[in-house]
Amino acid sequence: LREKIRDLEQSFSQKYPPVKFLSEKDRKRILITGGAGFVGSHLTDKLMMDGHEVTVVDNFFTGRKRNVEHWIGHENFELINHDVVEPLYIEVDQIYHLASPASPPNYMYNPIKTLKTNTIGTLNMLGLAKRVGARLLLASTSEVYGDPEVHPQNEEYWGHVNPIGPRACYDEGKRVAETMCYAYMKQEGVEVRVARIFNTFGSRMHMNDGRVVSNFILQALQGEPLTVRIYHFCTFIRRLRTSGVYGSGAQTRAFQYVSDLVNGLVLLMNSNISSPVNLGNPEEHTILEFARLIKSLVVSRSQIQFLPEAQDDPQRRRPDIRKAKMLLGWEPVVPLEEGLNKTIQYFSRELEHQANNQYI
Ligand code: NAD
Ligand code: UDP
Ligand code: UDP
């Protein structure tokens, strides 16, 4: 009880978010690589508030201190500026391995570094897991399915990836990372969990990361045209000119809100499922539908501008989440519009913050 009161006092006196009391035997030492990024910082919040000891390791390539600054100084929290491509020697019980750029412009910016992070970085974290007997959860991706020929994508599907295309550094990097997890599991007995994460959005996404949700919200808030990339661009435009209808040429995605993902990651880590599990929201929309929805939620007068598709852009993507539902009892609960509204509010505040700081 004394410890509980002390934790509460600390939370109040230092204005940390409220932290649950966990007894020594339930409290885990948890490493989150990439914990200063978008998903990692929300995971940090959940695990800290659940009462665990959290160490965030990040090289701040796409993450930032501001995402976790509200924990700095808390006795259960540690932030280490470190690149996972270099070995790391610490003592932990669980590793959430998220370190890797995630948005296409970010991971294509330095493909060699993306490859090193996903291969050497993952090898190092598996070596660490092996030495200390920790369980490792890999943040893998729906990109391992590439431009899929199976729809929706279930975990049995082996994927359709161009190994030498512009997205390969990320897609193949994650595929090797998965391979490494299972090699360490089989050969060295390391406990692994593999989450295949589908498109995720929410607060703390980087405003300029070039992903579709951030682009559209920013464009809508700033009155700029919403840039919709269209599959089979020429056919699409021809149809639009001759019949005035958009047709179905647009590619699709399904977006989950970040709090749903974080709950799924924690459930998976603490489950006994070592094979890959999809985590995503199965509600599928065309990119054009997203553009229209965001435009209406922002109440923006922005135009919609059509651009040709990006190279090797997957045409359809939607998770089959029956495995997560059946084995983890998990499914997304945040409706798309609710998540988008929260994200729009976050982006508006960020724009305000930027504008205010310009004049200081
Ligand atoms: P993010 O870019 O916000 O976070 C990645 C974090 O990793 C950043 O803080 C970055 O600085 C850090 N990092 C990158 N390289 C590193 C290195 N070599 N050493 C240490 N830290 C490094 O991206 P996110 O959206 O939060 O993605 C987190 C993880 O989830 C990634 O592994 C990503 O592949 C995976 N994922 C995300 C999505 C999504 O839609 N957000 C979808 C599928 C998979
Ligand atoms: N490693 C690490 N932290 C550790 C243990 C290992 O970063 O606590 C790294 C180590 O530098 C090595 C990698 O993980 O490059 C793989 O380790 P493993 O023990 O499997 O390989 P070995 O050291 O035998 O080559
Ligand atoms: N996209 C778009 N306009 C943009 C950014 C992206 O139409 O300004 C499209 C992109 O071509 C892809 C989809 O939106 O088909 C999702 O892209 P994102 O980069 O968010 O993630 P991906 O799922 O491709 O990794």
Side-chain angles (χ1 to χ4, degrees), residues 32-43 56-64 67-68 80-92 96-107 113-114 116-118 120-132 134 138-144 167 170-171 173-174 177 180 183-184 187-188 190 195-202 204-206 209-216 218-219 226-231 250-253 255-256 258 261 265 279-280 286-288 290-291 305-310 312-315 317:
I32 307 178
T33 73
F38 159 51
V39 176
S41 63
H42 286 282
L43 181 62
V56 163
V57 159
D58 207 295
N59 71 348
F60 301 110
F61 171 44
T62 52
R64 52 184 190 165
N67 288 342
V68 289
I80 303 176
N81 184 345
H82 177 87
D83 192 316
V84 293
V85 170
E86 303 301 329
L88 176 70
Y89 291 88
I90 59 173
E91 308 302 314
V92 287
Y96 287 87
H97 179 40
L98 273 62
S100 163
S103 92
N106 287 338
Y107 66 65
K113 180 69 191 192
T114 302
K116 285 184 185 170
T117 296
N118 278 296
I120 304 170
T122 302
L123 184 84
N124 283 336
M125 292 310 103
L126 284 162
L128 168 63
K130 175 182 122 182
R131 181 178 62 78
V132 299
L138 171 72
S140 184
T141 167
S142 54
E143 297 275 340
V144 299
R167 300 171 82 103
Y170 183 70
D171 301 7
K174 291 283 186 184
M180 284 175 172
Y184 270 80
Q187 203 174 317
E188 303 288 354
V190 174
R196 291 192 178 147
I197 303 170
F198 283 65
N199 297 65
T200 307
F201 72 99
R204 303 194 195 135
M205 276 184 100
H206 321 271
D209 72 359
R211 278 188 269 197
V212 72
V213 175
S214 25
N215 271 8
F216 286 176
L218 205 57
Q219 289 162 343
L226 271 62
T227 49
V228 175
R229 297 197 168 273
I230 289 293
Y231 217 77
Q251 69 280 36
T252 66
R253 291 292 188 275
F255 285 92
Q256 73 183 325
V258 65
L261 171 62
L265 291 175
L279 293 176
T286 66
I287 296 302
L288 182 55
F290 272 116
Q305 179 187 5
F306 296 109
L307 299 175
E309 81 212 49
D312 290 349
D313 197 1
Q315 198 179 354
R317 190 185 290 151

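Numbering of ligands and ligand atoms starts at 1, following listing order.
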Q) Nearest non-hydrogen atom to atom 5 (C) of ligand 1 belongs to which of S100, G37, G121, G173? A) S100
Q. Tell me, which protein residue and heavy-atom name are nearest atom 2 (O) of ligand 1, and how many Å apart are they?
A. T62 OG1, 2.6 Å
Q.
We want to know whether T62 and N106 form a side-chain donor-acceptor pair, criterion being a heavy-atom distance below 3.5 angstrom.
A. no
Q) Which ligand 2 atoms are under 4.0 Å away from a heavy-atom of Y184? A) 16 (C), 17 (O), 18 (P), 20 (O)
Q: Compute the shortest N/O to N/O distance between S142 and ligand 1 and return yes if it is under 3.5 Å, no if not.
A: no
Q) Do we see a donor-acceptor contact under 3.5 Å between the side chains of Q256 and T200? A) yes
Q) Rounded to the nearest 0.5 Å, how far apart are CG of N67 and NE2 of H42? A) 7.5 Å
Q. Say you draw a straight line from CG of N215 to CZ of R229; how long is it, rounded to the nearest 0.5 Å?
A. 9.0 Å
Q.
Would V84 count as being in polar contact with ligand 1, using the rule that some N or O on each side must be under 3.5 angstrom apart?
A. yes
Q: For atom 41 (N) of ligand 1, state which one of K174, H206, R211 supplies the nearest heavy atom.
A: R211
(Q) Looking only at protein heavy atoms, which one is nearest to atom 18 (N) of ligand 1, and what is the separation? (A) D83 OD1, 2.9 Å
Q) If you round to the nearest 0.5 Å, how far is CZ of F61 from CG of D83? A) 10.5 Å
(Q) Minimum distance, heavy atoms only, to atom 36 (N) of ligand 1: which one of F61, Y170, F38 is it? (A) Y170
Q | Close approach of H82 to ligand 1, heavy atoms, under 4.0 angstrom | A | yes
Q | P105 backbone acceptor or donor facing R211 side chain under 3.5 Å | A | no
Q. Hey, which atoms in ligand 1 end up nearer than 4.0 Å to a heavy atom of A36?
A. 9 (O)
Q | Protein heavy atom at shortest distance from atom 38 (C) of ligand 1 | A | I197 CG2, 4.0 Å
Q) Any idea which protein heavy atom is nearest atom 13 (N) of ligand 1, and the distance to it? A) N59 OD1, 3.3 Å
(Q) Is there a side-chain contact between L88 and N124 in this structure, where contact means two heavy atoms from C-beta onward sitting under 4.5 Å apart? (A) no
Q: Look up atom CD in Q315 and atom CD in E309, then write down how far apart they are to the nearest 0.5 Å.
A: 8.0 Å
Q) If you measure from CE on M125 to CG on L98, what distance do you get to the nearest 0.5 Å? A) 12.5 Å
Q. Counting only N and O atoms by type, is there a donor-acceptor contact under 3.5 Å from the side chain of T122 to the main-chain atoms of N118?
A. yes
(Q) If you count every heavy atom of other residues, nucleotides or ligands that lies below 6.0 Å from K116 atom NZ, does the total exceed 12? (A) no
Q. Considering only the protein, which heavy-atom contact is closest to atom 27 (O) of ligand 1, and what is its distance?
A. A102 CB, 3.6 Å
Q: Supply the atom-to-atom distance R204 CZ to R64 CZ, rounded to the nearest 0.5 angstrom.
A: 9.5 Å
(Q) With heavy-atom distances below 4.0 Å as the criterion, list the atoms of ligand 2 near K130. (A) 18 (P), 19 (O), 20 (O)
Q | Derivation of the side-chain contact (heavy atoms from CB on, under 4.5 Å) call for T227 and Q219 | A | CA-CA 8 Å; T227 49; Q219 289 162 343; 2.9 Å; yes
Q. For ligand 1, which atoms have a heavy atom of G63 less than 4.0 angstrom away?
A. 8 (C), 9 (O), 10 (C), 11 (O)
Q) Can you find an N/O atom of V85 closer than 3.5 Å to an N/O atom of ligand 1? A) no
Q: Determine, stepwise, if the pair L265 / I197 fulfils side-chain contact (heavy atoms from CB on, under 4.5 Å).
A: CA-CA 9 Å; L265 291 175; I197 303 170; 4.3 Å; yes
Q. Between L98, T114, D209, I80, which one has a non-hydrogen atom sitting closest to atom 29 (C) of ligand 1?
A. L98
Q: Among R317, R253, R196, find the one that has a salt bridge (charged side-chain N to carboxylate O under 4.0 Å, His left out) with E143.
A: R317
Q.
Within the 4.0 Å heavy-atom shell around N199, which atoms of ligand 1 are there?
A. 40 (O)
(Q) Is there a polar contact between ligand 1 and S140, counting only N or O atoms under 3.5 Å apart? (A) no
Q. Any idea which residues sit under 4.0 Å from ligand 3, heavy-atom distances?
A. P104, E143, R167, N199, G210, R211, V212, N215, F216, T227, V228, R229, Q251, R253, I287, D313, R317
Q: Tell me which protein heavy atom sits closest to atom 40 (O) of ligand 1, plus the residue, atom name and distance to 0.1 Å.
A: T200 N, 2.9 Å
Q. Atom 9 (O) of ligand 1: which protein heavy atom is closest, and how many Å away?
A. D58 OD2, 2.6 Å
(Q) If the cut-off is 4.0 Å to any non-hydrogen atom of T141, which atoms of ligand 1 fall inside it? (A) 43 (C), 44 (C)
Q: Provide the number and element of each atom of ligand 1 under 4.0 Å from a heavy atom of F60.
A: 11 (O)
Q) Do any nitrogen or oxygen atoms of L88 come within less than 3.5 Å of a nitrogen or oxygen of ligand 2? A) yes
Q: Ignoring angles and geometry beyond distance, decide whether V39 reaches within less than 3.5 Å of ligand 1 through its nitrogen or oxygen atoms.
A: yes
Q.
Ignoring hydrogens, what is the shortest heavy-atom contact between F38 and S41? Give both atom names and the distance.
A. O-OG, 3.0 Å
Q.
Tell me if a side-chain donor or acceptor on S103 pairs with a main-chain N or O of D209 at a distance below 3.5 Å.
A. yes
Q: Check whether any side-chain heavy atom of H206 lies under 4.5 Å from a side-chain heavy atom of S214, and answer yes or no.
A: no
Q: Under 4.0 Å from a heavy atom of L123: give me the atoms of ligand 2 that qualify, with their elements.
A: 13 (C), 14 (O), 16 (C)
Q) Between F290 and F255, how do the two ring planes meet: parallel, tilted or perpendicular, split at 30° and 60°? A) perpendicular
